[in-house]
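Heads up: numbering here begins at 1 and tracks the sequence. As the structure lists them, so they are numbered: ligands from 1, and atoms in each ligand from 1. The shown structure was predicted, so the numbers you read here are calculated from the model rather than taken from an experiment.
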Amino acid sequence: MCACAWERKKRRGAGAGAGRASLRTGRDITLDGMPCTHVTCAMPNGCAPARDVYHTVRGVSLHTDSQDPQRHLARALPSPPTNATRAIYRRPALPYIKTRRPRAAGLHAPTALHAHFLPPPVPMVPVYTYDDSAALSRDLALYILAQQDAALQRGDRFNLAVSGGSLLKALRAGLVEDAELRARANWARWHVFFCDERIVPLEHADSNYGAFKAQVLDPLLQHDGVLGPTCYAINESLVGLGENDRLAAEYESLLPAQFDLILLGCGPDGHTCSLFPGDTHSYLLDANTDRRVAWCHSSPKPPADRITFTLPTLASAHALCFVAEGAAKQPVLQRILQSSPDTSLPAALVTDRFAQRVSWFVDSAAVQDLSVPAVTYNH
Ligand SMILES: O=C1O[C@H](COP(=O)(O)O)[C@@H](O)[C@H](O)[C@H]1O
């Protein structure tokens, strides 16, 4: 039953016949532990709402005659918070948004709707923040192992996709160098793919596979001869033949139907995978494409030719996790981890669009001066 002031007043019999009943309930209502605001429902003399007037739209309590509150508010409201994000869903110090439907004169039906609701929280996803790299790497490894365990409950493989770049150092520190966590990884069940790959030979210094081998596979072998995961690299024999579309299609054919976890980086320009911002690369951001891997040409960051997961591949993952460390990432994180993310940046677009499955692991330097709650991963 609705616990709002309007319902309490109605139950006391104070509403009917008392003239135009307009209630403004204030901001003292909590739903699922989240602060909410009620809509003011203005009623003409003696007219009670036709039906139950209580709705919850994405965590915002809505008090209206409308049976379809989504229509009124859906566009303005953020994506629903997940259980994980609920804990950090918080009220930002921003002005209330007010929507108003003009009153139709002489109607004996609810006539005006003043919706007062909280603006989007800042940010919408868990951002696990660490003062030092070692603690971040350890919690990242624990997060990955939790995804591994969940995957192995669902089936017999852990399908993981990794990015290149700075993320790999954190993987090495957390998963490879830590003997206890290394032993918790069921390596034989791991199937590792690359979110993006530079179209170069596998031994080349720019190869993401090569970097993963150097940071993870080789050190694993050195530790007690641990045979690492099964890895899926690009078909090297196509490199340099001008067959980049075919190379992307071949790689696509190796992918599992769904990833259990995709580990993402974020460049200072807001790119993730090899999805780059800007008009030149907007062809890579087609959410309706049936390609799961695309050829990225003229990459602004060398080398120029790459392949990359597309948005549908990211969309189908069980979990997506970004890792960003260092002060150089702060300006771009400011544009991503805010209440109105700049979705022209692919990393922001992914965070915003798949918010319910996205987590960020960052260090304090990367989020300095941002409104990010100080939370760490709860294992
Ligand atoms: O070029 C790339 O850059 C991004 C970000 O790398 P970072 O070193 O700034 O963390 C990486 O995620 C991607 O896989 C890689 O190809």
Taking the basic N atoms (NZ, or NE/NH1/NH2) and the acidic carboxylate oxygens, is any pair closer than 4.0 Å for Glu325 and Lys329?
no
For ligand 1, is Glu325 a contact, meaning one of its heavy atoms is under 4.0 Å away?
no
If we number the atoms of ligand 1 from 1 as shown, the ones under 4.0 Å from a heavy atom of Ser163 are 12 (O), 14 (O)
At a 4.0 Å threshold, what atoms of ligand 1 neighbour a non-hydrogen atom of Arg306?
1 (O), 2 (C), 16 (O)
What about Ser166: any of its N or O atoms under 3.5 Å from an N or O on ligand 1?
yes
Rounded to the nearest 0.5 Å, what's the gap from CG on Asp139 to NE2 on His379? Could you check?
3.5 Å
Applying a 4.0 Å heavy-atom criterion (strictly less than), which segment of Asn208 is in contact with ligand 1: side chain, backbone, both, or neither?
side chain
Classify the ring geometry of Phe276 against His281: parallel below 30°, tilted from 30° to 60°, perpendicular beyond 60°.
tilted
Over 12 foreign heavy atoms within 6.0 Å of CD, Glu203
no
Run the numbers for me: atoms of ligand 1, each under 4.0 Å from some heavy atom of Lys329, listed by number.
7 (P), 9 (O), 10 (O)
Taking 4.0 angstrom as the limit, do Asp269 and Lys301 come out as a salt bridge?
no
Exceeds 12 heavy-atom contacts within 6.0 angstrom, atom CG of Asp279
no
Just jot down the ligand 1 atoms closer than 4.0 angstrom to any heavy atom of Asp196, in number order.
13 (C), 14 (O), 15 (C), 16 (O)
Sub-4.0 Å atoms of ligand 1 with respect to non-hydrogen atoms of Gly265
12 (O)
Enumerate the atoms of ligand 1 whose separation from the nearest heavy atom of Gly165 is less than 4.0 angstrom.
6 (O), 8 (O)
Examine ligand 1 and decide if any of its atoms is less than 4.0 Å from a heavy atom belonging to Glu197.
no
Does atom CG (Asn378) have a neighbourhood of more than 12 heavy atoms from anything else shown, all under 6.0 Å?
no
Distance to 0.1 Å, residue and atom name: give those for the protein heavy atom nearest to atom 4 (C) of ligand 1.
His271 NE2, 3.2 Å
Enumerated ligand 1 atoms positioned under 4.0 Å from heavy atoms of Lys301
1 (O), 2 (C), 3 (O), 6 (O)
Between Ile336 and Asp342, is any pair of side-chain heavy atoms under 4.5 Å apart?
no
Give the residue, atom name and distance (to 0.1 Å) of the protein heavy atom nearest atom 11 (C) of ligand 1.
Gly164 O, 3.8 Å
Test salt bridge (Lys or Arg N to Asp or Glu O under 4.0 Å) applied to Glu252 and Arg246, Arg291, Arg292, the passing residue
Arg291
